[in-house]
Amino acid sequence: MKGLEVTEDIEWLGNVFPTLGKSEKIQRLYKLADQRALKKTDHSQLRHGLPVMWMGTALVDEIERYYPGTFSEVERVFAIPGTCEFHDLFKGWTVTKADGTVREIHHIKVARELDQMLAKMGVPRLYRRIVTYPVRYHRTSGILKDGGLEMPEGLSADERAVWEMRLRTLAVLVLADKCVGDRDRVRENRAAWIEFLRSVGLAKFYFDFVADQDSKNNFATYSIQKAKLCVDPTDRSENPRGAIVLRIDLDEKVCSLEQILKVEWFSEAFHCCGKAAQYLGFSFRIVTRSVNGSCSEEFWSWSKELKRWTRREPANRK
């Protein structure tokens, strides 16, 4: 649809989320979200929202460098920055079901509230849906259980063009949200405990034999010192465009990638990344580099046959 590819209002659209992000309401909502998520990692705008946005837009630039025209201007200046920055605006928002179990619904709440905010700012519904759909389905359950990256059947050409924008935006959000380097997001008291165990050489032992899933999540997060997404167009062993590569600088005195992949959240999150990369026409692999004096690198990819992450040696490295 030409109206979605080129619009006279593109400059205005590009200013919508920067304007919204500075508003008092957004600042207040982010503070509340972080307070609700005190048992989790930091979910503030500075420590999570903006880093995810930076990683998402950097990935788009990287893909466009090798494959110009992959994303529309609306996606680049409006939908992708907006969804990446505000996807966790209501983190920690839950409901208690009849059986007493607690269900996380922040993704539903953010989609609804963002739709209302954008409507008040005069953003047409067509554009709002390019933002709210990815937010609604960005969680691992949205990808692995609800088929968030699947294209509906029986669409017209115009309807399909709109859905492709939603799904490309969702794919970038998933990759940026699940791959962003999060070490600074570990709460101060938990980081101090992990650092102590690391200093006495017991962090990996504690991870394997003492830590519960929440604690393992903090260890895994703390071990990732730096994370970067890049494109390797030469690794065409699985997809014609090549591979999207997550490069991690890892503190293996805290835990190894093999240990990280045993944490349920990380294993599912990286599986989602594989599906997101596949939708964009790429395979997905993880490359780790130890920061503890070793120059060796490990290459990991998802094995469909084994249904788990395995080490591999690609023909081309990046």
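Note that the structure is a prediction, hence the values are computed from the model and not measured.
A donor-acceptor contact closer than 3.5 angstrom links the side chains of D42 and S44. For D208 and Q259, the side-chain atoms include at least one donor-acceptor pair closer than 3.5 Å. Remark: the N217 side chain and the S215 side chain contain no N/O donor-acceptor pair separated by less than 3.5 Å.
The stretch residues 98-121 participates, sequence neighbours left out, in these ring-ring contact (aromatic ring centres under 6.0 Å, His included) pairs: H106-H138. Under the side-chain hydrogen bond (donor to acceptor under 3.5 Å, both in side chains) criterion, the residue pairs touching residues 17-31 are Q27-Q45, with sequence neighbours excluded. Legend: salt bridge (Lys or Arg N to Asp or Glu O under 4.0 Å) pairs involving residues 176-187, not counting sequence neighbours, sorted by first then second residue: D34-R187, D182-R185, R183-E195, R183-D251.
Under a 3.5 Å cut-off, the side chain of T57 and the backbone N or O of M53 do form a donor-acceptor pair. Judged by distance alone, with hydrogens and angles left aside, the side-chain atoms of S267 form no donor-acceptor pair with the main-chain N or O of E264 at under 3.5 Å. The backbone N or O of P233 sits nowhere less than 3.5 Å from a side-chain atom of Y66 that would complete a donor-acceptor pair. In this structure, E85 contributes its side chain and G49 its backbone to no donor-acceptor pair below 3.5 Å. Y133 places no side-chain N or O within 3.5 Å of a backbone atom of W163 that could act as its donor or acceptor partner.
For W193, the ring-ring contact (aromatic ring centres under 6.0 Å, His included) partners are F196, Y206, not counting sequence neighbours. For Y222, there are no ring-ring contact (aromatic ring centres under 6.0 Å, His included) partners, not counting sequence neighbours. Judged as a ring-ring contact (aromatic ring centres under 6.0 Å, His included), and not counting sequence neighbours, the contacts of F78 are F17.
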Review point. Salt bridge (Lys or Arg N to Asp or Glu O under 4.0 Å) between K262 and E258: does it pass, once the steps are laid out?
Key: CA-CA 7 Å; K262 293 178 182 178; E258 188 170 9; 5.2 Å; no
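At a threshold of 4.5 Å between non-hydrogen side-chain atoms, the residues T101 and T96 do not count as touching. Contact annotation: the side chain of Y137 never approaches that of T132 to less than 4.5 Å [non-hydrogen atoms, C-beta and beyond].
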